[in-house]
Engineer: 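The structure is given below, and queries will be raised subsequently.
None of these values were measured; they are calculated from a predicted model. Per chain, numbering begins at 1; letters A, B, ... match sequence-line order.
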Amino acid sequence: MWEAFKQWFHRWGSPKWFYERSLVWSFWLGWGAMILLPIGIVWGLAFAPQDYQQGNSFRIIYLHVPAAILAQSCYMIMAVAGFVSLVWRMKMADVVLKCAAPIGASFCFLALFTGAVWGKPTWGTWWEWDARLTAMLILLFLYFGVIALEAAIEDKITAGRAAAVLSLVGVVNIPIIKYSVEWWRTLHQPATFKLTEKPDMPVEMWAPLLVMVIGVYCFFGYSLFLRSRNEIIERERRTLWVRELLAKEGKV
Amino acid sequence: MTGQTPLLEAKNLQCERDDRILFENLSFSVDPGDVVQIEGPNGAGKTTLLKLLCGLAPLRQGELFWRGERMSQARPQFLSSLLYLGHKTGVKALLTPLENLRAWCAQREDVNEERMMAALETVGLAGYEYSPCNSLSAGQQRRAALARLHVSSAPLWVLDEAFTAIDKKGVAQLEALLREKANAGGAVILTTHHSLHLSGEVRRIQLGAAS
Amino acid sequence: MTGQTPLLEAKNLQCERDDRILFENLSFSVDPGDVVQIEGPNGAGKTTLLKLLCGLAPLRQGELFWRGERMSQARPQFLSSLLYLGHKTGVKALLTPLENLRAWCAQREDVNEERMMAALETVGLAGYEYSPCNSLSAGQQRRAALARLHVSSAPLWVLDEAFTAIDKKGVAQLEALLREKANAGGAVILTTHHSLHLSGEVRRIQLGAAS
Amino acid sequence: MLAFRRPQELANPLVFFVMAVSLFPLGVSPEKSFLAPAAAGVVWVASLLATLLSLDALFRADHEDGSLEQLTLAPQPLFILVLAKVFAHWLTTGLPLILLSPVLALMLHVDESLLGVLMLSLLVGTPVLSLIGAIGAALTVGLRVGGVLISLLVLPLYIPVLIFGTGMVQSAAAGMDYTATLAMLGAILALSLTLAPFAAAAALKISVSN
Amino acid sequence: MLAFRRPQELANPLVFFVMAVSLFPLGVSPEKSFLAPAAAGVVWVASLLATLLSLDALFRADHEDGSLEQLTLAPQPLFILVLAKVFAHWLTTGLPLILLSPVLALMLHVDESLLGVLMLSLLVGTPVLSLIGAIGAALTVGLRVGGVLISLLVLPLYIPVLIFGTGMVQSAAAGMDYTATLAMLGAILALSLTLAPFAAAAALKISVSN
Ligand code: HEM
Ligand SMILES: Nc1ncnc2c1ncn2[C@@H]1O[C@H](COP(=O)(O)OP(=O)(O)OP(=O)(O)O)[C@@H](O)[C@H]1O
Ligand SMILES: Nc1ncnc2c1ncn2[C@@H]1O[C@H](COP(=O)(O)OP(=O)(O)OP(=O)(O)O)[C@@H](O)[C@H]1O
Ligand SMILES: [Mg+2]
Ligand SMILES: [Mg+2]
């Protein structure tokens, strides 16, 4: 059992294996995103019922919440990759970390932006120095930090390991975002989706949200694989298999 | 290989930087009493090799053994038996030669003040013990670092271009010191572009295209 | 002194640092075609003398003349006829050798890209033109600075330890270049702890206690 | 074992601290009604920035002259050396700031009863700043992009410290119990004391090997 | 002729600026009634500090790798080279700050009508900061005491700029005429533009010859 796990784990470390498999995965994830996102958006924006307090402005939730959730998950993924990279020196972990950072940063920005847009009608201000909002802003800065550090270091392996340390250190911020709404009395809503309870929103409202969240995850996976594949080719360009591959593609 | 386990053994080292392969399948061993000179033109990878040996650069391929044990296990013992002097010597410009030596010794060997003063005198810094290093000449700053050799009991010395900026008399003195070290059972790995005038044998490892 | 006015003339230079007199009443002149080597052990004051000549250190006593004119008057002409390479070369670690050379030339001579590329090739940096200098070896970084010599038309070169970190082939090449320069009517003032193998005559100025 | 520093170097972050605090009434408004409530926050922000400024020097000189290589090759575990360096950094940066803060706070018309709380918050908070800062400094030490990249890496992690630190003083000012916030700060200190030296040591090894 | 810089280096003072401004509401008080009147001052103080931070790098790298010696030996007059360097510094530090200031000011709830004045004050003020800063940077470049000594030298000279700069915005906020203050700032700019390059060039020569 353990052996099998180890084998499986080590396969992930092989860029070649990853490159070959990720084509299939990214294909399915890409289609998932293509199908789920339009459904979610149309459903959320056009068919879901209005909120009795906020009217139509609440529909931003269908962008805001998926983006916010993803921004956090992405950082978690980076931290895990960082851990793997530092402990097992796995090349693929560096690649994933590097490729995930800009995606995460974009989603983080999107969450902040939609939050700000939403804040104007509901709280009467674009920005408020509330705990969750601040923590989210910190997350964005952490993303910038990782990206900047990656860019500042010439040597790819060194860059990957430095970024790994940073993303591990920054992971303390995630629980702060998550629990900020519970630890401090804030303007911001507490979580709707909990594993243990049923959401107190009507089904018609949260179902499209769920679709959006899954869709966004698919999109994230898709773009992560796409970017990683490019990065792998870039990094491994001198290995035999990449050269063979490029030669083959050149011919076709 | 003799029956005795070598001090340091390298197996199949490989190094590439920016797509250029500097060396491949490099294996050698260093025994007590050896003076090993790494040779090669500029950019051949001498510094890189020394850094690999000391663990200052990550070893991407190949294996290192210290007294027969894998380096990853033997690292603490290795570190306490090593003296490394690189292109940059770690001499603090604001401290005096004496303070520099003291700070260096504090992390390693237990050396009393007198020996430190004697070492500084030997390297020709008598009278400069209390001047801050940034008011010393280039060669005197290197000498402040070389003073460490005179107080060190580490069995392995790794010296990268130790003769830089040293005048002829200093070079001769240093060469004598290295030979003495080897005769006393230590080992020295060094690089230099000077021609070494060491009595006794010097093993050479050639890197890169011979020039 | 010949009938011709010397390029650079020094009269009664004196230098003391921290109460130590490095040299006194030092007078000499440098004519076109001269190669002058300043000699002396570490800390003798070679670097200090070169800096004095270039005006990088304040001249407290003595006088300097450039083509017969007092240095204070002739400074602009002097500067445009001077190439100085110190212990530190002014090679920017983040820029590539080519960019470094270009930035240096921009302040001085009008040199086209081809000559720069040719100069870099001559110093053995072909293939490294576009790597940032901090990823070059110690010797390669020095070579990036030495490339300036190959594009320079300045009549006076002042080189402080120009052979540092350069491999043997590089040293031979540089020696040839210096001789060529002198034959073409330029003048070179240099310090080095290597023994020079220059065809033709080298004038020596001895500083400090001979070693 | 610690590098001796010039007395002057010690004064520098302090000077910055004093100046940043005095700039505030000059740049914003010198009125008491305005300054008093802001004062604790201003003192905190200024000490944070002063620490930040001093971080760049923490390992940079060591890297440039090669001492860092010697440090990583020392037989002692690197994290202990890092801890010693951080402690020295705090002694020369954090401690003087704490000692000076009451004077500045009084200049900003802080209520005298709050001085103790302010100093206590700084006492627990500034070591955290030094510890976290060491990670940032270690990560950026090989890079010549100037010390400001450190800010980018470190400031996000400083923000919680800042919030709790000023929060403590604000609760005290409002007459509330501040032990919960103090406990929180203490927990952060304990956490960073146990983790930061390892992270910084790992980062240093990475930077040296570049 | 100017040293090319990495794009990243350009972003650094900016990042610091953003962070310093955002620290303020976090550390002090996030309420609009408090932030709005303080905002212009905070933006000014932050840009001043950001400039200060970036000064250290102005000549330091040049000094360490020997470029400064080469610069002083170049046939062109040194003050022209200094002026070029200062201009590059302003382009990479001052200008981005100005462009970003409205966003931050809005985050601090500044009245929209004041944004123009704020930017104008920064536009005239930040070149002065770069110019004066160059003198400080040139004086301290040989010394290894860390960049904070610069603060000590330069901040006193920055204070008038700060006072006039924020004064301009405050007059505008009070609905008064601010052209007199603007003229004053302009005069300071003219003065420092004519004198600072020479002073910095002289200071550089001194530092190099040490
Ligand atoms: C820039 C401002 C904002 C930021 C940075 C922000 C950030 C976040 C974050 C981090 C989450 C957590 C997602 C999760 O992990 O569960 C979230 C969820 C949510 N936000 Fe915001 N938000 C902002 C503004 C707003 C505004 C103005 C509203 C509406 C009044 C709002 C309503 C919600 C709702 C309803 C959720 C869903 C809670 C859940 O289901 O977990 N947010 N936001
Ligand atoms: N900045 C300084 N302040 C005070 N004294 C100095 C300074 N720089 C050098 N000295 C002293 O001047 C003397 C000569 O130094 P200089 O650098 O000229 O020697 P050098 O002949 O070039 O030696 P080397 O061969 O080591 O390069 C030395 O004794 C040194 O202590
Ligand atoms: N940090 C780095 N990043 C990428 N490449 C590097 C780095 N350092 C060195 N290299 C490359 O590695 C090669 C070997 O460098 P190294 O410093 O080992 O040479 P060396 O043999 O010590 O030369 P020298 O005689 O000039 O000291 C060079 O071609 C150089 O370009
Ligand atoms: Mg080398
Ligand atoms: Mg010298």
Side-chain angles (χ1 to χ4, degrees), chain C residues 15 17 47-48 50-60 74-96 98-110 132-134 136 141-142 144-145 148 152-154 156-161 164, chain E residues 1-13 54 56-89 91-92 137-139 141-144 197-198 200-210:
Chain C
C15 175
R17 297 213 92 147
T47 299
T48 314
L50 295 188
K51 288 196 172 175
L52 275 184
L53 294 182
C54 297
L56 284 174
L59 189 62
R60 303 258 152 84
R75 189 142 177 87
Q77 294 90 296
F78 172 66
L79 285 184
S80 52
S81 323
L82 171 75
L83 187 159
Y84 169 79
L85 265 187
H87 281 292
K88 288 177 188 166
T89 52
V91 166
K92 289 247 158 282
L94 290 182
L95 301 184
T96 67
L98 183 60
E99 285 166 346
N100 264 303
L101 192 57
R102 201 185 287 140
W104 187 84
C105 288
Q107 283 166 25
R108 277 150 249 252
E109 352 226 341
D110 198 23
C133 284
N134 60 7
L136 297 184
Q141 292 186 20
R142 294 285 316 186
R148 295 175 198 161
S152 162
S153 60
L156 178 66
W157 290 355
V158 176
L159 311 176
D160 197 2
E161 308 269 356
T164 301
Chain E
M1 194 170 81
L2 314 170
F4 295 85
R5 279 143 197 262
R6 294 226 178 138
Q8 210 180 339
E9 217 163 324
L10 199 149
N12 280 335
S54 62
D56 188 32
L58 191 55
F59 299 117
R60 175 197 272 266
D62 284 349
H63 180 260
E64 278 167 6
D65 61 19
S67 308
L68 216 52
E69 291 182 346
Q70 297 294 336
L71 216 61
T72 50
L73 291 180
Q76 281 101 328
L78 189 53
F79 77 93
I80 292 187
L81 301 175
V82 168
L83 200 57
K85 252 194 166 320
V86 171
F87 185 62
H89 177 258
L91 277 186
T92 54
L139 278 173
V141 68
L143 317 172
R144 302 224 167 183
F198 292 97
L204 269 188
K205 279 202 187 126
I206 295 171
S207 294
V208 166
S209 75
N210 193 20

Engineer: At a 4.5 Å cut-off on heavy atoms, which part of E:L71 comes close to chain C: side chain, backbone, both, or neither?
Structural biologist: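 Both backbone and side chain of E:L71 come within 4.5 Å of chain C.
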Engineer: Within a strict 4.5 Å, meaning less than it, do heavy atoms of the C:L79 and E:Q76 side chains meet?
Structural biologist: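 They are not in contact (no side-chain heavy atoms under 4.5 Å apart), so the answer is no.
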Engineer: Working to the nearest 0.5 Å, report the span between CG of E:L73 and CG of C:L85.
Structural biologist: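 Answer rounded to 0.5 Å: 10.5 Å.
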Engineer: Based on non-hydrogen pairs under 4.5 Å, which of C:G90, C:C105, C:G86 is most in contact with chain E?
Structural biologist: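 Answer, by heavy-atom pair count under 4.5 Å with chain E: C:G90.
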Engineer: For C:L56, is it the side chain, the backbone, both or neither that has a heavy atom under 4.5 Å from a heavy atom of chain E?
Structural biologist: both
Engineer: Would you name the heavy atoms of E:T72 and C:R75 that are closest together and state the gap between them?
Structural biologist: O-NH2, 4.5 Å
Engineer: Specify the closest pair of heavy atoms between C:K92 and E:S67, including all atoms of both residues, with the distance to one decimal.
Structural biologist: NZ-OG, 3.0 Å
Engineer: Could you look at C:L83 and say if it's the side chain, the backbone, both or neither that has a heavy atom under 4.5 Å from chain E?
Structural biologist: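 Contact with chain E involves no heavy atom of C:L83 at all.
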Engineer: Does the side chain of E:Q70 reach to within under 4.5 Å of the side chain of C:R108, using non-hydrogen atoms?
Structural biologist: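 Side-chain contact under 4.5 Å: yes.
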